[in-house]
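Worksheet: one structure, shown below.
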Amino acid sequence: RRHFRETIAIQVKPARRLRMHAKSRRLQIDFDVKLPLVVDPRLWFLMARFDIPAMCLDDPLFLIPSSFFIRHAGHGFRDGTARFQFQTSMELTANDIWMPHLVLKADLGNRLVQILNDLSTLRPDRQPAAGLLHLPNLIWVPSRAAAFTSSRRHPA
């Protein structure tokens, strides 16, 4: 409600297709990140399947803090890069380590506000990790309400 105290960076990692494992739809996303790795409470990963014909993300989405993601999706190192592999079931009844980070599209906005509120408890002088500002494929959720409002005023 126009009181954003912090900023978060969301690195979006989509997949175009799902894999079938028995009767379960599985989301698998593999990618590499140049070293050094950035771990910051303001950095989150959004893992999702992108439905090309519908031009939207499929439910469920997985919004994961960088510290948890790097610890659990690490898949080794090679030639100055860290390799990651994210695998989970797209079934809402699944029970794996990624399920606490499951969010439905309809709930994503509320989850982002909750994360912003949680980040407001960080020390005010704590700056984001320097590498965070230079990561590719980020979506920034700004800390100021002015970024969401138009310069033109409309009557209530």
Side-chain angles (χ1 to χ4, degrees), residues 4-122 126-144 147-148:
F4 298 99
R5 294 179 188 92
E6 294 293 336
T7 301
I8 60 174
I10 301 171
Q11 193 161 38
V12 179
K13 296 292 183 183
R16 286 194 244 164
R17 60 189 166 106
L18 298 174
R19 299 171 189 262
M20 292 302 293
H21 184 265
K23 294 181 182 180
S24 174
R25 299 172 306 134
R26 307 240 350 130
L27 176 65
Q28 179 175 329
I29 301 173
D30 300 308
F31 63 97
D32 296 342
V33 175
K34 289 185 181 181
L35 297 174
L37 294 175
V38 176
V39 177
D40 191 284
R42 295 174 182 94
L43 175 60
W44 291 69
F45 287 90
L46 180 67
M47 312 304 280
R49 178 190 178 255
F50 185 74
D51 183 346
I52 293 175
M55 294 301 291
C56 66
L57 298 175
D58 276 349
D59 271 328
L61 312 171
F62 296 86
L63 187 60
I64 309 163
S66 61
S67 58
F68 188 88
F69 186 84
I70 288 170
R71 186 175 33 224
H72 295 287
H75 204 62
F77 297 93
R78 188 170 133 196
D79 299 328
T81 62
R83 303 186 125 195
F84 292 96
Q85 184 176 78
F86 173 80
Q87 281 189 21
T88 191
S89 173
M90 293 290 281
E91 310 306 327
L92 298 177
T93 58
N95 187 18
D96 65 17
I97 64 168
W98 304 111
M99 286 302 123
H101 305 287
L102 181 145
V103 62
L104 299 176
K105 290 185 299 186
D107 300 328
L108 183 59
N110 288 334
R111 179 68 181 116
L112 291 172
V113 169
Q114 180 185 17
I115 292 167
L116 287 167
N117 287 336
D118 292 347
L119 287 173
S120 69
T121 63
L122 290 177
R126 188 180 190 285
Q127 296 297 316
L132 186 58
L133 302 175
H134 303 290
L135 289 175
N137 306 320
L138 287 180
I139 295 174
W140 285 95
V141 178
S143 61
R144 300 188 192 278
F148 292 111

What residues, two or more places apart in sequence or in another chain, satisfy side-chain contact (heavy atoms from CB on, under 4.5 Å) together with Q28? R19, D30, Q85, Q87
Please name the residue in the list L112, N110, L116, D118 that meets the side chain to side chain contact (heavy atoms under 4.5 Å, CB included) test with Q114. D118
For residues P36 and V38, determine if any side-chain heavy atom of one lies less than 4.5 Å from a side-chain heavy atom of the other. no
Find out whether F84 and I70 are in side-chain contact, i.e. whether some heavy atom of one side chain is under 4.5 Å from a heavy atom of the other. yes
Do L61 and L102 make a side-chain contact, defined as non-hydrogen atoms from C-beta onward lying under 4.5 Å apart? no
Just wondering, do K13 and L46 contact through their side chains at under 4.5 Å, heavy atoms? no
Should V103 and P60 count as side-chain neighbours, where that means a heavy-atom distance under 4.5 Å? no
How long is the gap from CD1 on I115 to CH2 on W44, to the nearest 0.5 Å? 3.5 Å
After noting the C-alpha distance and the side-chain angles of F45 and F86, does the key distance pass the ring pair (Phe, Tyr, Trp, His ring centres under 6.0 Å) rule? CA-CA 11 Å; F45 287 90; F86 173 80; 9.6 Å; no
Is M20 atom CE crowded by more than 12 heavy atoms from other residues, nucleotides or ligands, each under 6.0 Å away? yes
Side-chain contact test, heavy atoms from C-beta onward, threshold under 4.5 Å: evaluate it for L27 versus D58 and give yes or no. no
Separation of I10 CD1 from L63 CG (nearest 0.5 Å): 5.5 Å
Do other residues, nucleotides or ligands put more than 12 heavy atoms under 6.0 Å from the NE2 atom of H21? no
Distance in Å, L18 CG paired with R26 CZ, rounded so as to fall on 0.5 Å steps: 10.5 Å
Interatomic spacing from OG1 in T81 to CG in L37 - rounded to 0.5 Å: 9.5 Å
Filter on salt bridge (charged side-chain N to carboxylate O under 4.0 Å, His left out), then keep only pairs touching residues 65-77, sequence neighbours left out; what's left? none
By the side-chain hydrogen bond (donor to acceptor under 3.5 Å, both in side chains) test, which pairs, at least two apart or in different chains, include something from residues 88-105? S24-S89, R25-E91, T88-D96
Rounded to the nearest 0.5 Å, what separation is found between the CZ atom of F62 and the CZ atom of R49? 13.5 Å
Side chain S66, main chain D40, donor-acceptor under 3.5 Å: yes
